[in-house]
Amino acid sequence: MADDQKLTTREADFGAWYNELVLKAELADYSAVRGCMVIRPNGYGIWERSQRALDDMFKETGVENAYFPLFIPESYLKKEAEHVEGFAPETAVVTIGGGKTLEEPLVVRPTSETIIYSSFAKWVQSYRDLPLLVNQWCNVVRWEMRTRLFLRTMEFLWQEGHTAHATYDEAEAKTRQMLGIYRRYMEEWGAMPVITGRKTESEKFAGALRTYACEAMMQDNKALQANTSHNLGQNFSKAFGLSFQTEAGASEFAWSTSWGLSTRVIGGLVMTHGDDIGLRIPPRLAPTELVIVPIYRAEEQRAQVLSVASGIRAELAKSATPIRVRVDARENMTPGAKYYDWELRGVPLRLELGPRDLEKGQGVLVRRDTREKRPVPLGELARTAADLLVTIQRDMFESARARREAHSLRGPITYDRFRQVMDGEGGFVYAGWCGSDACESAIKDETKATIRVLPDPEFRSPEAPRTCMKCGKDATAEAMWAKAY
RNA sequence: CGGGGCGUAGCGUAGCCUGGUAUCGCGCCUGCUUUGGGAGCAGGAGGUCGCCGGUUCAAAUCCGGCCGCCCCGACCA
């Protein structure tokens, strides 16, 4: 029980806690390249579960997967004025290939709008070719100055969806639909409640007409933008000649959208659900949902317990609601050490199985989220475990939501009070905004808090704020303010 | 790019001020005993003390330079 086996507590130092957890739970590791990380199997398994969940939902809406090049001709990036301004400062550029200086430098994609819409332009002639619905799973590179595991690295994995439509309305609907899918993923898989809404001009994607996002609250009361969905209008279509012939025979530029979610959400998962013991993975994203820890003394007991354990694994794997089970048969650790190990790694359920249990035909099920133990007859294990996993998933979501609401502030607020809140505990503050850049940036300078989103109707306060928290003029919108990652 | 901190075994560290056989814990290997909340005993392996140079009989230690990483600020999914 040495202290060095314990994590720094969240209260003592949230940033240190996060780093230690990510490293000790073997989600990721630093790499030989500054600012780039290695995603280890424990972390990648969560990403794979996420990919499957999202990919299935994308495909239900008719989106197909494709793949576009890592390298983008530098001239492409420059074709959309706002876009290049936004991304040029943070690109990596290849100038030499095969030992020779390239005629045109190649940008390592920071995002793929430019190269994708240039292809779309070749593929679309008439309205009959629309909508075009494509997604790709890939890596992108942004030359960040300051990095943090998962939350901001120079290279990261994500998916980026790109669609082209015949009308503005259809593009807007697609943008909103994808935001909805992200929300479902966050809440139903990740057990991370989000506030959805629209980004302000200063926070929107460079080149977009408008940007929507899901914002989640971390346990230090800061906001994490978990994903974004952009209505690109005709900006990229015009830049890349993505036009089509309408039914009436006229030529029009297509309306496009793009939307992305990255491995950053794994950092969000850690900061939403982790505790001072370690990670807690919501069951639906857990590569292993239940781990069996065998307990035994004598050699005969070992064989017997392990045999029952592997029988249980097989049974649960093919039950009505299959459960991903792993048996921890490591010889060099005592059961107690294994408990700590799996709690650190966040596996949602543990089954302790020893000779005394076998005599009684039972096992001891332990929830990771509450650490509550209960004996369960082996005959009822499949159903009980399946039910518990559903319960854990729901409870984790509910407690995260309760936590967020406890740190959310609504109703009339003075600017002085707002500054106090942001200087202290922080949290989400819903308040009126006059719509001016001046107020927005003044507040950012003075408090480091920014408008995370102009919330969608269901997240707005019962009574709309009347005046701008900063200048006192009439409010044009309700804004949700927070310090952000 | 500014400010701070750190580089000694796989990990965490002592030693540095005051130069002289490289310390301890965890982990790892072997054996025996163990195993229901971080096992015990015994034996063992593992190091260009971040790199380069200087001072010195002698440098982890003193001096100069460089590199890397982490944290805090300015830009950002």
Side-chain angles (χ1 to χ4, degrees), chain A residues 1-6 8 13-16 18-20 23-24 26 29-36 85-91 110-111 139-160 182 199 202-206 211 213-216 223-230 258-268 277-278 293-299 301-302 305 328-344 350-360 362-364 366 371 373 375 444-445 448 450 484-485:
Chain A
M1 184 63 73
D3 281 348
D4 63 349
Q5 291 179 302
K6 288 185 176 169
T8 298
D13 186 340
F14 194 79
Y18 174 82
N19 272 329
E20 283 175 30
L23 294 172
K24 287 189 175 176
E26 296 180 358
D29 198 1
Y30 294 107
S31 75
V33 183
R34 182 187 69 83
C36 292
E85 196 182 320
F87 282 102
E90 53 183 73
T91 54
T111 178
N139 59 341
V140 287
V141 167
R142 299 178 188 178
W143 212 260
E144 299 292 346
M145 297 162 124
R146 211 177 129 205
T147 59
R148 290 196 70 184
L149 295 171
F150 285 116
L151 301 174
R152 175 159 296 105
T153 48
M154 297 213 307
E155 179 191 15
F156 57 92
L157 305 182
W158 75 345
Q159 57 69 219
E160 50 176 324
Y182 287 141
K199 288 282 175 182
S202 68
E203 296 270 337
K204 80 170 170 57
F205 176 74
T211 291
C214 293
E215 294 282 336
L224 183 80
Q225 177 177 303
N227 44 71
T228 48
S229 186
H230 316 290
S258 70
W259 24 278
L261 176 146
S262 77
T263 41
R264 179 181 228 205
V265 293
I266 297 173
I277 293 160
V293 177
I295 301 158
Y296 44 77
R297 286 170 196 273
E299 188 58 27
Q301 287 178 338
R302 188 184 95 91
V305 171
D328 185 353
R330 285 177 290 183
E331 296 286 349
N332 56 344
M333 283 175 94
T334 59
K338 290 177 182 179
Y339 301 162
Y340 284 103
D341 195 44
W342 292 110
E343 284 169 357
L344 173 63
R350 174 173 82 235
L351 181 70
E352 304 174 359
L353 196 65
R356 294 211 295 269
D357 295 311
L358 294 192
E359 277 172 30
K360 292 186 254 180
Q362 66 169 37
V364 176
V366 188
R371 298 178 96 199
K373 293 191 180 197
K444 181 177 180 178
D445 291 344
K448 286 174 192 155
T450 51
Y485 275 94

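Everything quoted here is computed from the prediction, not taken from an experiment. Throughout, a chain's letter reflects where its sequence line sits, starting with A, and its residues are numbered from 1.
With C1' as the reference atom, rU56(B) and rA60(B) are 16 Å apart, rounded to whole Å. On the C1' atoms, rA45(B) is 8 Å away from rC28(B), given to the nearest whole Å. Going from the C1' atom of rA14(B) to that of rC51(B) covers 23 Å, rounded to whole Å. With both ends at atom P, the span from rC57(B) to rU30(B) equals 49 Å, rounded to whole Å. For rC11(B) and rC67(B), the P atoms lie 23 Å apart once the distance is rounded to whole Å. A gap of 13 Å separates the P atoms of rC6(B) and rG50(B), to the nearest Å. Taking atom C1' in both rC71(B) and rC32(B), one finds a spacing of 47 Å when rounded to whole Å. Comparing the C1' positions of rG19(B) and rG54(B) gives an interatomic distance of 15 Å, to the nearest angstrom.
Within the 3.5 Å criterion, the main-chain N or O of F150(A) finds no donor-acceptor partner in the side chain of T153(A). Between the side chain of Y18(A) and the backbone N or O of L149(A), at least one donor-acceptor pair lies under 3.5 Å. No donor-acceptor distance shorter than 3.5 angstrom exists from the side chain of R142(A) to the backbone of M154(A), with no hydrogens or angles considered. Remark: the backbone N or O of L353(A) is not paired with any side-chain donor or acceptor of Y296(A) at under 3.5 angstrom. A donor-acceptor contact shorter than 3.5 Å is absent between the side chain of E343(A) and the backbone of I277(A). At distances below 3.5 Å, not a single donor-acceptor pair connects side-chain atoms of N19(A) with backbone N or O atoms of A16(A). Side chain of D328(A) to main chain of R330(A): a donor-acceptor pair is present (N/O by atom type, distance under 3.5 Å, no hydrogens or angles). Checking side-chain atoms of T211(A) against main-chain N and O of K199(A) turns up no donor-acceptor pair under 3.5 Å.
Taking every heavy atom of both residues into account, T450(A) and A484(A) meet most closely at OG1-CB, 4.4 Å. For the residue pair E352(A) and D357(A), the shortest heavy atom distance occurs at O-OD2, 3.5 Å.
Note that CD of Q159(A) and OH of Y182(A) are 3.5 Å apart. Values are rounded to the nearest 0.5 Å. How far OG1 of T228(A) is from NZ of K204(A): 12.5 Å, rounded to the nearest 0.5 Å.
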Base-pair string, RNA chain B, Watson-Crick plus G-U, cut-off 3.5 Å on both distances, | for inter-strand, is ((((((((.[[[..)....(...]]].((((((.....)))))).....[[[[[..)....]]]]])))))))....

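Toward the 5′ end of RNA chain B lies the nearest nucleotide of G35(A), the other residue of the pair G35(A) and T228(A) mapping further downstream. Mapped onto RNA chain B by nearest heavy atom, S262(A) and I277(A) fall at different nucleotides, with I277(A) at the one closer to the 5' end.
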Hey, what are the protein-to-nucleotides 73-75 of chain B N/O distances that come in under 3.5 Å?
from	atom 1	to	atom 2	distance (Å)
rG73(B)	OP2	R146(A)	NH1	3.2

Pairwise N/O distances under 3.5 Å, protein to nucleotides 3-6 of chain B:
none

Detail all sub-3.5 Å separations between protein N/O atoms and N/O atoms belonging to nucleotides 28-32 of chain B.
from	atom 1	to	atom 2	distance (Å)
rC28(B)	OP1	N332(A)	ND2	3.4

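For rG37(B), the base is not stacked against the aromatic ring of Y340(A), per a cut-off of 5.5 Å between centres and 30° between planes.
Residue K199(A) is out of contact with every strand shown, counting any heavy-atom pair closer than 4.0 Å. If you check every strand for non-hydrogen atoms under 4.0 Å, P89(A) touches nothing. V364(A) comes within 4.0 angstrom of a base, heavy atoms only. No engagement by R330(A) is indicated, since no non-hydrogen atom pair under 4.0 Å with the nucleic acid exists. Base engagement by E343(A) is indicated by at least one non-hydrogen atom pair under 4.0 Å involving a base atom. At the heavy-atom level, T153(A) lies under 4.0 Å from base atoms of the strands shown. As judged by a 4.0 angstrom heavy-atom cut-off over every strand, L151(A) is placed among the base-contacting residues. Base contact: R142(A) has a heavy atom under 4.0 Å from a base atom. Y30(A) comes within 4.0 angstrom of the backbone, heavy atoms only, and of no base.
Ion pair R356(A)/E359(A) not flagged as a salt bridge, since none of the NZ, NE, NH1 or NH2 atoms sits closer than 4.0 Å to an Asp/Glu carboxylate oxygen.
Counting distance only, with no hydrogens placed and no angle test, the side-chain atoms of D341(A) and the base atoms of rG38(B) include no donor-acceptor pair under 3.5 Å. Between the side chain of K373(A) and the base of rG37(B), at least one donor-acceptor pair of N or O atoms lies under 3.5 Å.
Whole-Å rounding puts the Y182(A) OH to rA77(B) C1' distance at 11 Å. Here rU35(B) presents its P atom at 13 Å from CD of E299(A), a figure rounded to the nearest Å. When the P atom of rA77(B) is taken as reference, atom CH2 of W143(A) falls 18 Å away, rounded to whole Å. In this structure, E26(A) places its CD atom 13 Å from P of rC11(B), rounding to the nearest Å. For the pair N19(A) CG and rC11(B) P, the interatomic distance rounds to 16 Å; values are reported in whole Å. The NZ-P distance, from K338(A) to rG37(B), rounds to 14 Å in whole Å. Atom CZ in R297(A) sits roughly 7 Å away from atom C1' in rU35(B) (whole-Å rounding). Computed from coordinates, the Q362(A) CD to rG36(B) C1' distance equals 12 Å when rounded to whole Å.
Considering only the side chain of Y339(A), rG36(B) comes nearest among rG36(B), rA77(B), rG38(B).
Under the rule for a ring-ring contact (aromatic ring centres under 6.0 Å, His included), the partners of F14(A) that lie at least two apart in sequence or sit in another chain are W17(A). Judged as a ring-ring contact (aromatic ring centres under 6.0 Å, His included), and not counting sequence neighbours, the contacts of W158(A) are F156(A).
Two residues are said to be in side-chain contact when any heavy atoms from C-beta on lie closer than 4.5 Å; F87(A) and F205(A) meet this criterion.
For E85(A), the CD atom is loosely surrounded, since the number of other residues' heavy atoms within 6.0 Å does not exceed 12.
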